[in-house]
Amino acid sequence: AADRAAELVILAALAQAAPGVPVIAEEEVAAGRIPAHGATFFLVDPLDGTKEFIRGGDDYTVNIGLIEDGQPVLGLVYAPATGTLYGGVVGGGAWREQTGERAAISVRPRGETLTAVASKSHFSQPTADYLEAVGARDYVSVGSSLKFCLVAEGRADIYPRLGPTSEWDTAAGHAVLLAAGGLVDGID
């Protein structure tokens with residue numbers, strides 16, 4: 001119910017802010033409604049980290065990403081429980097906004113040891129094995145697309161995701177990370 005209610009608010013706001021730009025949204029897709037779209041469209045996940053939301057945690061987000069020619073170019077990741085907004089425009093920088101204060105963020109230079117951020121709900125033995133193989137000495141578990149944002153603001157170096165995920169789960173965080181100077185790459 002929360003997913004659908006939030007998605008309706010977001011769809012209405014995007015229709016007003018960016019008329020004519022199609023929106024592919026998780027709940028609409030689940031209902032079989034996928035709009036015709038070209039090279040430019042929004043990808044929306046109105047409630048990423050549903051398990052964390054249901055548990056009463058604060059690490060769930062609202063994700064809005066703008067895709068152009070198959071690449072995320074703008075991302076907004078909002079954490080309602082903490083009032084934190086992460087944003088990024090590829091080529092224009094990334095930021096974190098909290099209590100009305102906006103600060104630029106960027107990835108940190110790689111140090112001698114890696115700090116990782118890993119999925120709270122999807123941590124697995126292959127993820128643990130990967131972290132050991134790349135020399136990550138420490139990791140923190142977080143839900144939702146906040147993992148991308150922790151890397152983007154330099155609080156972690158790497159976020160491995162070895163299991164399946166959906167593009168609406170990753171598009172906004174991917175854009176924020178790119179705007180902060182990071183990258184998303186395949187495991188190989």
Side-chain angles (χ1 to χ4, degrees), residues 43 45 47-65 67 70-99 101-188:
L43 271 174
D45 187 349
L47 180 56
D48 185 30
T50 306
K51 291 175 185 171
E52 288 74 22
F53 174 77
I54 291 170
R55 290 183 197 133
D58 62 2
D59 51 346
Y60 60 92
T61 59
V62 177
N63 300 334
I64 301 173
I67 308 302
Q71 298 297 314
V73 296
L74 177 142
L76 296 170
V77 175
Y78 180 58
T82 63
T84 305
L85 174 68
Y86 293 91
V89 177
V90 176
W95 67 90
R96 180 187 64 241
E97 187 173 316
Q98 201 167 28
T99 62
E101 298 291 323
R102 184 178 284 195
I105 60 172
S106 64
V107 297
R108 66 186 183 191
R110 180 167 177 171
E112 286 186 32
T113 60
L114 290 177
T115 298
V117 61
S119 176
K120 186 180 281 187
S121 300
H122 303 284
F123 193 83
S124 63
Q125 188 59 50
T127 301
D129 294 344
Y130 176 81
L131 292 174
E132 184 178 335
V134 300
R137 301 225 195 283
D138 193 20
Y139 76 89
V140 61
S141 293
V142 178
S144 75
S145 58
L146 286 172
K147 294 177 287 293
F148 287 99
C149 299
L150 293 179
V151 175
E153 68 178 323
R155 291 174 53 195
D157 301 294
I158 188 170
Y159 157 42
R161 175 65 185 223
L162 303 181
T165 190
S166 298
E167 291 170 322
W168 46 71
D169 292 324
T170 61
H174 187 171
V176 171
L177 183 57
L178 290 173
L183 65 95
V184 174
D185 206 353
I187 197 82
D188 57 342

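At a threshold of 4.5 Å between non-hydrogen side-chain atoms, the residues Leu178 and Val184 do not count as touching. Contact annotation: the side chain of Asn63 never approaches that of Trp168 to less than 4.5 Å [non-hydrogen atoms, C-beta and beyond]. Within the 4.5 Å cutoff, the side chain of Ile158 has heavy atoms near those of the Tyr130 side chain. Inter-residue side-chain proximity for Asp129 and Gln125 is flagged as met; some heavy-atom pair is nearer than 4.5 Å.
If you take OH on Tyr86 and CD on Gln98, they are separated by 7.5 Å, rounding to the nearest 0.5 Å. In this structure, CG on Asp45 lies 7.5 Å from OG on Ser145, to the nearest 0.5 angstrom. Here the NZ atom belonging to Lys147 is positioned 7.0 Å from the CG atom belonging to Asp48, to the nearest 0.5 angstrom. Considering OG1 of Thr113 and CZ of Arg110, their distance stands at 9.0 Å, rounded to 0.5 Å. Remark: Glu132 CD to Thr127 OG1 distance equals 13.0 Å, nearest 0.5 Å.
Within a 6.0 Å radius of OH in Tyr139, other residues, nucleotides and ligands contribute 12 heavy atoms or fewer. Within a 6.0 Å sphere centred on CD of Glu167, heavy atoms belonging to other residues, nucleotides or ligands number 12 at most.
Scanning for side-chain hydrogen bond (donor to acceptor under 3.5 Å, both in side chains) contacts around Arg96 gives Glu153, with sequence neighbours left out. Residues passing the salt bridge (Lys or Arg N to Asp or Glu O under 4.0 Å) test with Asp169: none are found, sequence neighbours excluded. In terms of the side-chain contact (heavy atoms from CB on, under 4.5 Å) criterion, residue partners of Asp58 (sequence neighbours excluded) are, by chain and number, Ala81, Thr82.
Listed here is the closest heavy atom pair of Asp59 and Gly143: OD2-N, 2.8 Å. When all heavy atoms are compared, the tightest approach of Ala179 to Gly93 is CB-O, 3.3 Å. Nearest heavy-atom pair, Leu76 versus Gly87, reported as atom, atom and distance to 0.1 Å: CD2-CA, 4.0 Å. Between Ser144 and Thr61 the shortest heavy-atom distance is OG-CG2, 3.3 Å. Between Ala175 and Pro72, the shortest heavy-atom contact is CB-CB, 3.8 Å. Between Val142 and Val117, the closest heavy-atom pair is CG2-CG2, 3.9 Å.
Using a 30° and 60° split on the angle between ring planes, Phe148 and Tyr159 fall in the perpendicular class, above 60°.
At least one donor-acceptor pair closer than 3.5 Å links the side chain of Asp157 to the backbone N or O of Thr115.
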